[in-house]
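Below: the structure, in structure tokens.
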Amino acid sequence: MLPNVNELRQRLMDLDATIAHHEGIVEGLKQDRDIVFSQLSASVSYPILMLPNEITAEIFNWCYVSGLRLAPSTAPMLLTRICHAWRELAFSIPALWHKIDEVELTDPVDDADFIATWFSRAGALPLSLGMIYPEHLESHHLQSLLHCHAQRWQSLDVAAHVDTLLELDNSKPFPGLVELSLASLGQHEQDLSQVEAFRHTPSLRRLSIDSLPPSLLDLPWTQLTKTTFRFISIAECLSFLRLATSLSEFYRTGIPEDEEGDVESVIGRAPFCHDSLDSLLVSVSSGAESILHFLTVPRLKTLELQGGWETCTQLDTGRLAVPFFSRTCSTLLSLKFPMPPSLPVHWFQLLPNLTTLELVYPAEPLSVVGAIRALNRGTTPDLLPKLRGLVISRCGSNRVDKDLLEVLESRCDAGDVQHGRLESFSLFWPQSEIFDDGVFRLPLLNVGRLRRLAARGMRIHIGTSTQNSFY
């Protein structure tokens, strides 16, 4: 038989009273807990909070992760979410707030306010900004953002459609701008007018452009000292080099799609001589013409060739490398290129003063025994007589084999005045070369012979570029 209505109501009232009673007990326990926690916090000191602010601030500066600076899970935003003391300290350190690496603008007004708030904590430090400016946003918002901090920019990295860049005016100078990076988003038409927004940049020294021909830019070319070009044609590069008379470093990567037609306009010309250039990086693609064919660099000290190992074959087949090295005279000190099946010994015969050689291990499995053996002083005593540093990069951890060890041992001691000793050897693993437990280890193979080389004075680095696992 079911209870009557009055009994049910009474039962419900009793349960509500019991719940209220227990809730009161729980609330009282929460208050007691808060009191005990406050007393504990007042009586227990955390060692990290006892450091002087100057040391903590220096630690904060080392927490910066390039490219992720706006993420709440990385510094400096993460540092403001730990505790009140760290939040106040982080906001008081200008060095944490003078730079924004990557921001994609979506709402011009809100983004400008956010950037202004961020930089307001930078004190009087020079400012750096990297941003992607979508094509659908009007150009005057970008101009307003650039002009707002025109006197304080030290570095700018702007990726925008070329039409947006063309609409910017040059009404304000950027007196402190040292480094400028410009990237074109999307295709652009031929015979466009010039981008004049950065004409007045008296401190500009470093320039990077991506898919944006330098002929479209109005810049103080003669004061530049370092440039990085991506997907810029050979003709455009050569025209730029003729203007950049103070340039010391030039890096060209990526081959534009219309490279073949572009090269026809410069074929037949005598190699252009650049007297101040001392560092050169060039990407070479199989079947494509190389800018080396058109350059003479009499003061070149550092050269890096990028591409597959077939790069070397192509340069040799096209008879480009030997003439180019001949034109560099004997100034080249450092050379980096993909490791071929056999070393181009005839290259090195033209480079008697080379002191550093870096061989990039190929991505595809390849027999490189011949390349390694060619460096053995016992078989080729006069090859690279002044070599002091040997680097093999992007190599697996099991490549310290017998042939390589024999090369190192043959070069460990100086033969005479003309034949110096190998002072350092580095074998860089790929960053992905991590073992099951996440720890980098030195392979057990031939450790004893490596240690004997170290005992004879050779500096040895085996591991990633940032972590030496040799012990």
Worksheet, complete the sentence: Rounding to 0.5 Å, atoms CG (L217) and CD (Q194) come to a distance of 7.5 Å
Worksheet item: Counting N and O atoms only, with roles assigned by atom type, does the side chain of T355 sit under 3.5 Å from a partner on the main chain of L333, one being a donor and the other an acceptor?
Response: yes
Worksheet item: Would you say the side chain of I115 lies within less than 4.5 Å of the side chain of L145, judging by non-hydrogen atoms?
Response: yes
Item to complete: Side-chain contact test, heavy atoms from C-beta onward, threshold under 4.5 Å: evaluate it for S181 versus V158 and give yes or no.
Response: no
Worksheet item: So, E135 versus T164: side-chain donor-acceptor pair below 3.5 Å or not?
Response: no
Practice prompt. Begin from the C-alpha positions of S279 and F250 and carry the test side-chain contact (heavy atoms from CB on, under 4.5 Å) through to its verdict.
Written response: CA-CA 6 Å; S279 182; F250 179 65; over 6 Å; no
Fill in: From CA spacing to verdict: side-chain contact (heavy atoms from CB on, under 4.5 Å), L142, M131
CA-CA 10 Å; L142 175 58; M131 61 177 167; 3.0 Å; yes
Practice prompt. Check the pair L354 / R388 against side-chain contact (heavy atoms from CB on, under 4.5 Å), numbers first and verdict last.
Written response: CA-CA 8 Å; L354 196 73; R388 296 200 300 264; over 6 Å; no
Discussion item. Please give me the minimum heavy-atom distance between L177 and L156, naming the atom from each residue.
Written reply: CD1-N, 3.8 Å
Fill in: Note, T331 side chain near N353 side chain (heavy atom, < 4.5 Å)
no
Discussion item. Check this for me, if you would: do D218 and R199 make a salt bridge, where the nitrogen-to-carboxylate-oxygen distance has to be below 4.0 angstrom?
Written reply: yes
Worksheet item: CZ/F91 to CZ/R121 distance, rounded to the nearest 0.5 angstrom?
Response: 4.0 Å
Worksheet entry | Cation-aromatic face contact R242/F272, 6.0 Å, 45 degrees | yes
Worksheet item: Under a 4.5 Å cut-off applied to non-hydrogen side-chain atoms, are T253 and Q306 in contact?
Response: yes
Discussion item. With heavy-atom distances below 4.5 Å as the criterion, would you say the side chains of Y251 and R230 are in contact?
Written reply: no
Worksheet item: Side chains of D210 and I232: closer than 4.5 Å at any heavy-atom pair?
Response: no
Worksheet item: For Q223 and T201, which heavy atoms make the closest approach, and how far apart are they?
Response: NE2-O, 2.6 Å
Worksheet item: If you take all heavy atoms of A150 and P173, which pair is closest and at what distance?
Response: CB-O, 3.6 Å
Fill in: Intermediate values then yes/no, side-chain contact (heavy atoms from CB on, under 4.5 Å), L387 and L357
CA-CA 7 Å; L387 190 67; L357 175 64; 3.8 Å; yes
Worksheet item: Using the ring of each side chain (for Trp, its six-membered ring), is W221 parallel, tilted or perpendicular to F240, with breaks at 30° and 60°?
Response: perpendicular
Item to complete: Calculate, to the nearest 0.5 Å, the distance between atoms CG and CG belonging to L105 and L137 respectively.
Response: 7.0 Å
Worksheet entry | Which atom of L224 lies closest to which atom of R206, heavy atoms considered | CD2-N, 4.3 Å
Worksheet item: Angle class for the F337/F348 ring planes (parallel below 30°, perpendicular above 60°, tilted otherwise)?
Response: tilted
Fill in: Heavy-atom closest pair, residues H140 and E138
NE2-OE1, 2.7 Å
Fill in: Point-to-point distance, once rounded to the nearest 0.5 Å, from CG of D34 to CG of L29
11.0 Å
Item to complete: Without swapping roles, check the side chain of H274 against the backbone of A244 for a donor-acceptor pair under 3.5 Å.
Response: yes
Response to the item:
Between the OG1 atom in T56 and the CG atom in L79, the distance rounded to the nearest 0.5 Å is 10.5 Å
Worksheet item: Got F428 and H461 here, is their nearest side-chain heavy-atom distance under 4.5 Å?
Response: yes
Worksheet item: Among I291, L350, V282, L300, whose side chain to side chain contact (heavy atoms under 4.5 Å, CB included) with F324 holds?
Response: L300
Worksheet item: Has H136 got more than 12 heavy atoms of other residues, nucleotides or ligands less than 6.0 Å from its NE2?
Response: yes
Discussion item. Going by side chain to side chain contact (heavy atoms under 4.5 Å, CB included), L427 matches just one of L450, L404, I460. Which one?
Written reply: L404
Item to complete: Check whether any side-chain heavy atom of L351 lies under 4.5 Å from a side-chain heavy atom of L335, and answer yes or no.
Response: yes
Worksheet entry | Taking every non-hydrogen atom, the tightest pair across Q154 and S128 | OE1-OG, 4.3 Å
Discussion item. Using only atom types and a distance under 3.5 Å, with no angle test, would you say the side chain of D157 pairs donor to acceptor with the backbone of L182?
Written reply: no
Worksheet item: In terms of side-chain heavy atoms, does S215 have a donor or acceptor partner in E236 at a distance below 3.5 Å?
Response: yes
Worksheet item: Does the ring centre of F198 sit less than 6.0 Å away from the ring centre of F174?
Response: yes
Discussion item. Using the rule ring-ring contact (aromatic ring centres under 6.0 Å, His included), only one of W118, F119, F60 pairs with W97; which is it?
Written reply: W118
Discussion item. If we ignore hydrogens and angles and just use 3.5 Å, is the side chain of S144 paired with the main-chain N or O of H141 as donor and acceptor?
Written reply: no
Worksheet item: Has the side chain of S203 got a donor or acceptor atom that lies under 3.5 Å from a matching backbone atom of P175?
Response: yes
Fill in: Check: T302 side chain, S334 main-chain N or O, donor-acceptor pair, under 3.5 Å
no
Response to the item:
CG (L243) and OG1 (T222) are apart, to the nearest 0.5 Å, by 9.0 Å
